[in-house]
Amino acid sequence: MNHLNGDVKFLKGVGDWRAKNLKKLDIEKIEDIIEHFPRNYINRKTGMKIRELEAGVHSSIVGVINHIEKRKTSNNNDQLNVYISDGVSEIICTWFRFNKWTLEQLQIGKEIWVSGMITQYKSSLQIIHPDMEILEDATEEHEFWKTRNYLPIYPLTAKISIKLLRNLVYNVFSLYVSEIEDNLPQKIMKKYNFLPRKIALQKIHFPTTLDNLETYKAQFIYEEFFFQQLMLARNHELNMTQPIGRKFQFKKTYTSKLKKNLPYNLTSAQNRVLREIVSDMNSDYQMNRLLQGDVGSGKTIVTLFAILLAIENNTQAALMAPTEILAEQHFKTISALLINEKISIALLKGGNYKGKKALKEQIANGEIDIIIGTHALIQKDVSFKNIGFVAIDEQHRFGVKQRAFLSQKNNFPDVLYLSATPIPRSLAMTVFGDLEVSIIDELPPNRKPIKTFWRSAGKINLVYQEVKKQLLKGQQIYIVCPLISESEKIDLLSAETLFEELDKNIFKEFHIALLHGKMKNKEKDTIMAAFKSKKIDILISTTVIEVGIDIPNASVMIIEHSERFGLSQLHQLRGRVGRGSSEAFCYLISYPPVSREAKERLSTMVKTNDGFEIAEKDLEIRGPGDFFGTIQSGMPRYKHANILRDQDILKMARKDAFEIVKEDYNFIKPENKELKKFYERNYLEREKLHRY
Ligand code: ADP
Ligand code: MG
């Protein structure tokens with residue numbers, strides 16, 4: 001038995017209560033302790049003196065707390081100044097955000113280590129939000145640590161002291177170091193010159209020098225990516241080798257006719273992705289393909305070809321969309337394009353309504369060929385006679401389970417996941433690493449880039465004047481507001497207030513309507529239809545129009561309180577215009593205060609129309625966790641790796657993992673025995689959950 005797999009609560013000095021707190025640090029098993037890496041180190045021997053510090057340089061010093069001052073800033077926020085002295089000179093450490101725990105720790109007379117960017121404040125040196133560590137009496141600390149030049153500083157939580165953690169680390173290594181095994185195949189260890197895991201770990205926890213630390217850490221980053229990619233590789237391999245899907249024949253009845261009757265030619269990118277999709281559908285494996293394309297790149301028509309291929313082969317096809325407005329729009333577009341064909345198309349919506357029961361029966365007995373709908377499609381009481389193809393539009397709006405649901409129906413239909421949120425490559429490789437990916441990287445011709453302006457709310461009348469010119473030319477306008485009605489809590493312009501004002505005054509000669517998520521579906525449908533048929537000039541709406549709406553004659557968008565929207569969301573919203581051939585405009589209206597990040601978002605929008613560039617920027621501003629929070633559930637959590645920083649390592653790990661799985665899916669080869677053991681213990685369960 002390997003002790004490292006044991007529960008941390010059985011370690012001496014831990015117990016249930018501390019185990020619960022360690023869990024907050026993601027430490028549950030004993031082995032989690034050895035991978036809980038220091039975030040910094042205190043150098044005890046050769047510390048710098050405060051007078052040697054230079055502004056603009058990242059440095060660490062040790063001193064004693066002389067004085068603590070809590071005050072209010074000019075805009076009434078808390079500020080904490082802590083004066084630290086090394087006996088000769090003083091430095092001020094400043095916090096603008098701090099919690100009770102920080103306050104408790106900071107006490108006059110305590111010895112403290114601080115680290116951070118040195119800045120100059122008037123005649124003093126200052127560190128804002130330093131990394132810190134109280135060097136209190138080291139008596140309880142294990143003798144071992146007293147002899148070290150470098151003391152590790154670990155990420156902590158309120159109830160876990162640095163002393164406890166250091167002692168745990170020391171204990172685990174002294175008791176179980178011989179049980180630390182390598183998880184990677186020797187071949188890979190050699191290829192990258194990785195150290196045996198137990199040695200690399202000790203160099204990280206107990207360094208004698210801080211040189212090369214990044215190199216030692218890189219192997220743990222690699223390891224993390226590698227196992228995750230093994231999992232994706234295995235799912236991918238399973239998809240590609242188990243002939244459980246449909247094999248469609250190319251009959252060219254409906255598909256060829258559609259191509260001939262389209263009012264435009266497909267772009268070469270559309271043709272290319274279509275070939276990729278068709279080749280999947282012609283094989284007897286289940287298709288699991290992600291179709292990525294920026295807003296307006298024409299994913300719907302590509303999907304329709306795939307739908308028709310399934311219909312030609314006498315199966316049913318389904319298209320699921322996240323909102324009723326969008327499902328309705330797809331239903332109308334597709335019905336219109338197939339008006340002369342003997343294909344029955346139905347729209348299945350949520351809730352109870354007249355005729356729904358009969359419709360479900362028709363779907364079950366195969367009378368309906370194409371079923372378009374919302375989440376209603378994945379309710380238990382909906383069954384299909386013979387579903388051969390499924391497309392999931394705006395796939396990120398659905399949960400992992402919801403997406404997987406339809407792919408398990410009948411004889412495993414081919415599945416196409418559509419995504420209008422361009423996903424940076426590094427993220428696509430991790431989250432969709434087991435799907436095939438097709439990218440439409442070209443917009444239909446004649447599209448002019450949307451001209452985007454960022455205006456402060458004070459200039460709104462100038463914006464209205466400019467917009468009026470477009471209205472007079474017969475163009476239509478969206479105005480997006482974050483709120484429906486006035487709220488007592490937040491002081492934002494609401495859609496209702498704006499409607500009143502524009503309708504009575506500024507745009508009184510035009511037809512204005514209001515659309516929001518709280519309206520009855522019927523009402524929403526009527527308004528969208530009226531807007532589409534140009535009976536309405538200005539549509540004031542909440543973000544319900546964010547997803548997929550396609551009205552080519554609408555060429556101007558005003559986004560109120562644009563400082564409150566995320567970058568990807570702004571891009572999706574803006575994507576509602578610029579779909580026709582006339583020049584399109586987007587006005588981003590901001591209200592003070594506009595945070596630094598919001599400024600960055602808005603100026604990015606002004607600078608570029610390119611969805612991939614915007615996604616990369618969004619990822620950079622928000623970081624992977626947040627970025628994916630709104631785009632995708634199922635974002636893996638990493639202990640050491642950072643998708644943005646470590647893209648190169650990710651690529652190598654992915655390549656290696658896919659090669660190994662291709663050669664040895666079940667890890668039978670002796671050279672893969674270490675990997676097999678670790679994989680089965682940590683990834684086998686997760687693999688099933690991640691399967692599409
Ligand atoms: P999205 O990829 O955002 O879902 P849509 O499928 O809604 O985009 O297409 C956007 C608009 O572009 C639609 O009005 C569609 O008819 C039009 N369109 C699609 N492909 C082409 C093309 N090859 N040439 C011209 N217009 C096209
Ligand atoms: Mg779409």
Side-chain angles (χ1 to χ4, degrees), residues 255 258-277 289-308 319-323 325-339 370 372 391-398 416-423 437-450 475-476 478 528-529 531-534 543 545-555 557 568-584 586 609-612 614-615 631:
T255 42
L258 175 64
K259 212 162 195 167
K260 234 184 281 156
N261 294 339
L262 269 188
Y264 49 78
N265 291 323
L266 293 185
T267 62
S268 60
Q270 283 172 316
N271 275 316
R272 172 174 43 76
V273 302
L274 194 52
R275 277 197 301 277
E276 291 163 358
I277 292 165
R289 189 173 278 279
L290 176 71
L291 175 56
Q292 278 198 59
D294 207 347
V295 277
S297 60
K299 293 182 290 293
T300 316
I301 195 71
V302 170
T303 308
L304 181 57
F305 277 104
I307 288 174
L308 292 178
L319 168 57
M320 182 161 76
T323 65
I325 294 183
L326 187 53
E328 193 110 11
Q329 175 185 291
H330 283 320
F331 176 72
K332 283 184 188 143
T333 315
I334 291 176
S335 301
L337 285 164
L338 302 180
I339 191 149
I370 303 177
I372 296 169
I392 300 178
D393 197 11
E394 309 286 342
Q395 59 86 27
H396 63 279
R397 298 266 166 161
F398 295 94
L416 190 65
Y417 303 91
L418 310 187
S419 167
T421 303
I423 301 164
V437 179
S438 291
I439 299 178
I440 307 185
D441 50 6
E442 179 188 358
L443 292 179
N446 309 331
R447 293 266 171 87
K448 299 197 186 98
I450 304 162
Q475 295 294 317
Q476 292 166 283
Y478 295 103
M528 283 313 289
F531 192 56
K532 192 150 200 161
S533 60
K534 294 198 192 184
T543 54
I545 56 139
E546 175 190 348
V547 175
I549 299 299
D550 182 41
I551 297 178
N553 193 55
S555 64
M557 171 163 287
S568 293
Q569 199 181 11
L570 288 172
H571 180 62
Q572 292 301 321
L573 283 168
R574 178 173 63 180
R576 299 307 118 221
V577 297
R579 297 178 155 250
S581 48
S582 53
E583 199 163 26
C586 175
N609 274 290
D610 180 332
F612 274 94
I614 286 172
I631 290 182

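Counting convention: from 1, in listed order, for ligands and their atoms alike. Numbering of residues begins at 1 and proceeds along the displayed sequence.
- For Glu583, the salt bridge (charged side-chain N to carboxylate O under 4.0 Å, His left out) partners are Lys451, not counting sequence neighbours.
- Under 4.0 Å is where a charged nitrogen must lie from a carboxylate oxygen, and between Arg272 and Asp441 at least one such pair does.
- The main-chain N or O of Ile549 is found under 3.5 Å from a side-chain atom of Arg576 such that the two form a donor-acceptor pair.
- Between atom CE of residue Met528 and atom CD1 of residue Ile551 there is a gap of 3.5 Å, rounded to the nearest 0.5 Å.
- For ligand 1, none of its N or O atoms has an N or O atom of Val295 under 3.5 Å away.
- Formation of a donor-acceptor pair under 3.5 Å by the Glu394 side chain with backbone atoms of Pro322 is not found in this model.
- Of all the atoms in ligand 1, the ones that sit under 4.0 Å from a non-hydrogen atom of Lys299 are 1 (P), 2 (O), 3 (O), 4 (O), 6 (O), 8 (O).
- Remark: among candidates Gly298, Pro444, Gly580, the nearest residue to atom 26 (N) of ligand 1 is Pro444, based on non-hydrogen atoms.
- Only backbone heavy atoms of Leu266 (N, CA, C or O) come within less than 4.0 Å of ligand 1; its side chain stays farther off.
- Closest heavy-atom contact between Ser297 and Gln270: O-NE2, 3.5 Å.
- Applying the 6.0 Å contact sphere to CG of Asn261 captures more than 12 heavy atoms from other residues, nucleotides or ligands.
- Residue contacts with ligand 1 for Arg579 involve side-chain atoms from C-beta outward but no N, CA, C or O (heavy atoms, distance under 4.0 Å).
- Against a heavy-atom cut-off of under 4.0 Å, Thr267 is close to the following atoms of ligand 1: 23 (N).
- Proximity of Arg576 to ligand 1, defined as any heavy-atom pair under 4.0 Å, is not found for any part of the residue.
- The main-chain N or O of Gly611 is found under 3.5 Å from a side-chain atom of Asp294 such that the two form a donor-acceptor pair.
- Contact between Ser297 and ligand 1 is present, with at least one heavy atom of the residue lying under 4.0 Å from the ligand.
- Of all atoms in ligand 1, listed by their number and element, those nearer than 4.0 Å to a heavy atom of Asp550 are 7 (O), 10 (C), 11 (C), 13 (C), 14 (O).
- Residue nearest to atom 6 (O) of ligand 1, selected from Val302, Leu304, Thr300: Thr300 (by heavy-atom distance).
- The shortest N/O to N/O separation between Gly296 and ligand 1 falls below 3.5 Å.
- Using a 4.0 Å cutoff on heavy atoms, Gln292 does not count as a contact of ligand 1.
- Residue Asn265 places a heavy atom less than 4.0 Å from ligand 1.
- Applying the side chain to side chain contact (heavy atoms under 4.5 Å, CB included) criterion to Lys448, with sequence neighbours excluded, gives no partner residue.
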